[in-house]
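Proteins come first, then strands; the chains are lettered A, B, ... in the order of their sequence lines, and each starts at number 1.
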Amino acid sequence: MSNILDKILRKVSVKDSKALVDTKDESAFEQILLKTHSFRMLLSSCAQLWQNLQQMKQALVTNKYFNMVYVRSMSTQALLRVYSIIKCRQEIGNTDTKVQTFFNQLRTEIEMIADSEFPVKSDELTLHLSRVDPHRIDQVGSRMALLAKMSTVFSDVRMPSGFVITDAGYQLFLKHNNLQDEINRLLQSMEITSMADLHRLSSQLQMLIINAQIPPALEKAIMQSYKQLEMETGYRGIKLVLRPSTGIPERNFPLESLIRDEYNVGEEFLLRAYKEVVARKYSVSAINYRMRRGLKEEDLPVCVGCLDMINTNVSGSINFIESRESSYDQIIIRAVPGMDAAISQGIVKPDMWKVGLDKPQILHVAISEKKIRHTFFLSEEGLNLIPVPRNQRRSPCLNNKQILELAGIANLIKKKLGAVGKVRWALDTHDGFAILEAIPLKETGTANFFDHPKNSHEYAQGLAVSRGKASGKVFIAHKNADLLRFPENSVLVVHEANSKWASIVPWSNAVITEKFGDPFGHLASMARDFQIPALYGVDMAASAFTTGQMITVDSEAAKALPGSMENEAGYAYRNEVHPLMGTPVYQALENVLRITGSLSKAYPLNGKNFKKPNLQDIAHLSHLSATSSLLDIAMANTDQKNPLYGQPRVWHVWNLERPGPSEMIKDNMVGSISSTPLRAFIEGTSMGGKLRFISRKESSMTRRFFYTAFNTHTFYNPIFSRPAHIMYTESFTHICFGCSNFGILIQAVLNDYNPENFIFLLIKKHRSGPLQTDLGLEKILYQNGFLTRLEKNYFLARKSGDNSKLIRSMLLFAGLFLARLSGINSKEQKLLDMGNLAQEIMLKIQKVLLDED
Amino acid sequence: MSLIKVFIIDQDPVELNILLKRLVKKGLSVKGVEHTEQVPGVMADFNPDVIIIDPWDANQREVLNFESVLKNQQNQKVIVLTCQVSLDLVNEIMDKGAFDFLVKPCPVEELLMAINHAVKVSL
């Protein structure tokens with residue numbers, strides 16, 4: 001390019017060229033070069049910031065998972081970009097200190113969000129439940145904190161006694177064995193490509209923890225607490241249930257529900273059981289859960305509640321549910337004979353009652369056949385499955401009086417604590433009801449679980465426990481080995497809704513069980529949480545389908561059908577809720593984007609009256625003022641006597657952001673231009689006549705060219721065709737048109753669905769003459785809803801909003817208008833009515849757009 | 001009803017000891033050995049219903065001869081309980097005749113379910 005330019009410049013008269021480049025101009029020229037460099041850096045930072053913010057916004061609306069590392073790194077990048085923009089702006093010549101102040105405030109806010117720390121923790125390794133501060137979730141986990149709170153609030157309801165092995169104890173255990181580093185190493189080094197890989201990772205992590213030594217101080221604290229509990233309850237050799245309690249209160253599906261409790265633990269196995277419970281933080285289900293929610297390892301301490309076992313005849317849960325009429329005025333009571341572990345493990349389908357709380361009344365009942373029950377024997381460890389006598393299998397576990405008594409307890413809990421989510425209870429024939437714990441679990445998307453499919457003998461129908469529609473190849477699983485061999489994106493078909501299949505859910509497209517299981521059990525809850533369609537009670541599914549057969553599971557229709565609903569295997573319909581919604585990491589990104597902001601709708605035309613700009617406003621303002629400064633430099637060299645008209649019909653198009661090969665524009669073909677607003681602008685020019693466009697690389701902008709490009713003499717040399725120049729940037733899409741009497745700056749964002757679409761016009765008039773009336777633009781802009789502002793030397797107009805059609809029409813108009821003007825000579829100019837011309841052009845544009853529709 | 005007899009082969013003495021204690025507390029009749037050479041003798045005397053074996057050590061070396069155990073078994077069901085997991089390994093072991101493949105650490109209730117399933121199928 002520079003060779004062509006040199007040739008052109010050599011033809012300029014010697015006198016002219018000397019006039020252009022004298023001593024005074026040289027130093028000013030150096031200044032221009034420095035500012036040009038800063039300007040290019042500013043443009044580059046703007047482009048990168050824009051991309052950065054778009055990526056963050058995309059993360060919130062797509063189904064992609066992200067973690068706090070992502071949030072922190074994107075936040076840091078955004079701050080660095082804006083810092084660079086402000087610095088470059090200062091180098092160009094704008095030293096507005098207010099902008100720096102605003103930036104510092106925003107930086108502090110963002111850094112606080114991205115680097116949130118946990119509060120300072122206590123040193124106590126174990127803590128009796130009665131001494132737990134219910135607000136110190138970080139010390140004992142949310143589950144134990146809530147239990148402690150309930151113990152203080154419900155003095156007349158029986159609750160378990162016990163102690164908590166605290167986060168301090170957990171941290172000591174990790175530190176004593178240097179476990180965290182080894183855990184991190186394993187997590188980072190292992191590549192997961194199959195379920196077997198995930199199980200191997202889980203196994204290695206869990207065995208690492210189980211084989212680690214309990215530090216002497218922790219062992220002593222645990223055994224002392226155990227002895228204290230023996231004395232308190234009067235039971236020598238008391239048996240305990242160990243319940244995990246993590247530090248993060250989750251809205252939808254708490255992590256601790258994926259970590260199994262350990263039941264019927266005596267003194268002999270207490271330390272081993274503690275390690276096993278802690279190790280289950282790395283069970284396959286828990287790893288999947290954490291990875292998909294972006295939870296950091298360090299953010300998830302595991303505290304363990306050690307509670308005395310209550311002698312249980314019947315047990316179950318109360319789930320608070322939202323009804324359509326009002327929130328949480330209904331509960332679902334589930335009950336099984338024996339321990340309720342059978343429910344969560346999917347071994348037994350519970351009896352269910354839906355009860356209205358306002359005037360406690362039973363609304364629905366579903367009694368199941370209960371063939372086995374979980375119980376425990378003090379002489380043993382863990383739980384045992386024993387058969388239920390035949391004559392009791394179909395008997396309701398609770399009578400109506402007991403149901404209403406539970407409803408009364410639920411009302412009491414709701415009154416004092418709110419609708420906590422799920423409450424586990426146990427019934428001892430001698431001592432009545434006891435509350436085992438409360439879990440802040442919010443069940444969403446529950447179907448009417450009391451309806452059974454009408455033709456349940458047909459193999460294709462079942463009970464929908466999780467919404468959606470998906471296709472995939474069938475994989476029938478019977479044994480544990482099948483857990484390891486499950487092919488990703490298949491449809492899992494199993495006999496029972498056992499919780500062990502829950503680990504497969506994130507890898508599957510759909511789940512089918514033959515037997516009816518608990519719709520609130522692990523498997524169903526995981527399916528809902530991961531938005532996988534699931535059907536229970538599809539009778540004979542394992543014999544009706546074959547492994548490898550393509551089927552579609554449509555839980556909306558409660559059916560499983562042969563064939564695929566899409567051509568591709570494994571297509572799955574997901575509902576629109578982001579899988580991370582409600583999690584700390586999602587909220588962190590939302591908060592960061594709130595501060596980075598969208599381009600402020602109230603963006604003032606002169607950019608001075610910000611009360612509190614966001615990061616994008618700062619970037620945009622800096623971009624605008626920098627470009628405006630360059631325009632000032634260009635305008636300073638214009639010849640006031642030369643008219644606007646008779647512009648050369650050759651326009652050079654400069655992509656200021658890309659030093660590499662630029663877009664080629666030949667014969668007005670605009671298809672290759674990536675900047676949407678520029679494309680619209682050039683389409684407009686092409687309607688007005690034949691303009692020849694030549695693409696230029698920014699890097700070829702030479703010293704002499706830059707100076708002369710804005711000099712009137714070069715434009716109006718009658719012998720040679722001096723080009724006009726359009727310089728554009730894709731971030732904020734600048735179109736900078738420099739000519740004799742005026743410079744036009746057009747900024748625009750134009751996307752089909754972007755609420756940040758806008759068009760902004762800055763027209764700098766020549767030293768004399770009211771420019772906007774000469775051009776007849778004011779009326780057109782006003783009619784099209786622009787905000788306008790007239791200053792001494794410039795005219796501003798802005799239209800913002802998501803009306804992409806309008807903004808495109810204005811860009812077409814601008815292009816056509818300038819193209820028409822460039823074809824008018826000075827004689828024609830005297831006869832020209834600018835207002836009529838502008839109106840005529842606008843009508844033409846509107847017709848073109850109408851034809852396009 | 002006779003007790004279910006389970007024979008455990010695991011070269012890790014700590015894990016072996018814990019498993020033995022836990023399964024005994026569950027009411028099973030259990031024996032365990034650390035080395036493959038001891039297997040034939042126990043098989044002959046004890047005649048278990050289910051064999052639980054971990055053929056590999058922590059370094060993925062095969063320290064217990066799985067094939068010889070399979071050769072010696074007479075209608076017993078063999079369950080592999082190990083940390084060493086890969087898709088190829090699972091397929092290979094199941095193809096060779098194992099009844100099930102479990103991953104350590106395995107909750108004793110799940111192990112019991114696998115044992116019960118194996119015995120039910122045997123019967």
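Partners of A/Phe475 according to the ring pair (Phe, Tyr, Trp, His ring centres under 6.0 Å) rule, which considers only residues two or more places apart in sequence or in another chain, are A/Phe486.
Note that B/Lys31 lies outside the cation-pi zone of B/Phe7, set by a 6.0 Å cut-off to the ring centre and a 45° limit from the axis.
In summary, A/Asp482 and A/Lys479 do not engage in a salt bridge, as defined by a charged side-chain N under 4.0 Å from a carboxylate O.
The backbone N or O of B/Phe101 lies less than 3.5 Å from no partner atom in the side chain of A/Asn480, so there is not a single donor-acceptor pair.
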Worksheet entry | Evaluation steps, side-chain contact (heavy atoms from CB on, under 4.5 Å), between A/Trp501 and A/Thr513 | CA-CA 10 Å; A/Trp501 304 118; A/Thr513 70; over 6 Å; no
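When each of A/Arg272, A/Glu268, A/His199, A/Gln204 is scored by its heavy-atom pairs under 4.5 Å with chain B, the top score falls to A/Arg272. Annotation: maximal heavy-atom pairing with chain A below 4.5 Å, among B/Gly27, B/Cys83, B/Ala98, B/Cys106, occurs at B/Cys83. When each of A/Arg485, A/Met195, A/Lys500 is checked for heavy-atom pairs under 4.5 Å with chain B, A/Arg485 comes out on top. Put simply, of B/Leu89, B/Ile18, B/Leu112, B/Val80, the one with the most heavy-atom pairs under 4.5 Å next to chain A is B/Ile18.
Residue A/Tyr263: no heavy atom, backbone or side chain, is found under 4.5 Å from chain B. For A/Ile210, the part sitting under 4.5 Å from any heavy atom of chain B is the side chain, from C-beta outward, and nothing else.
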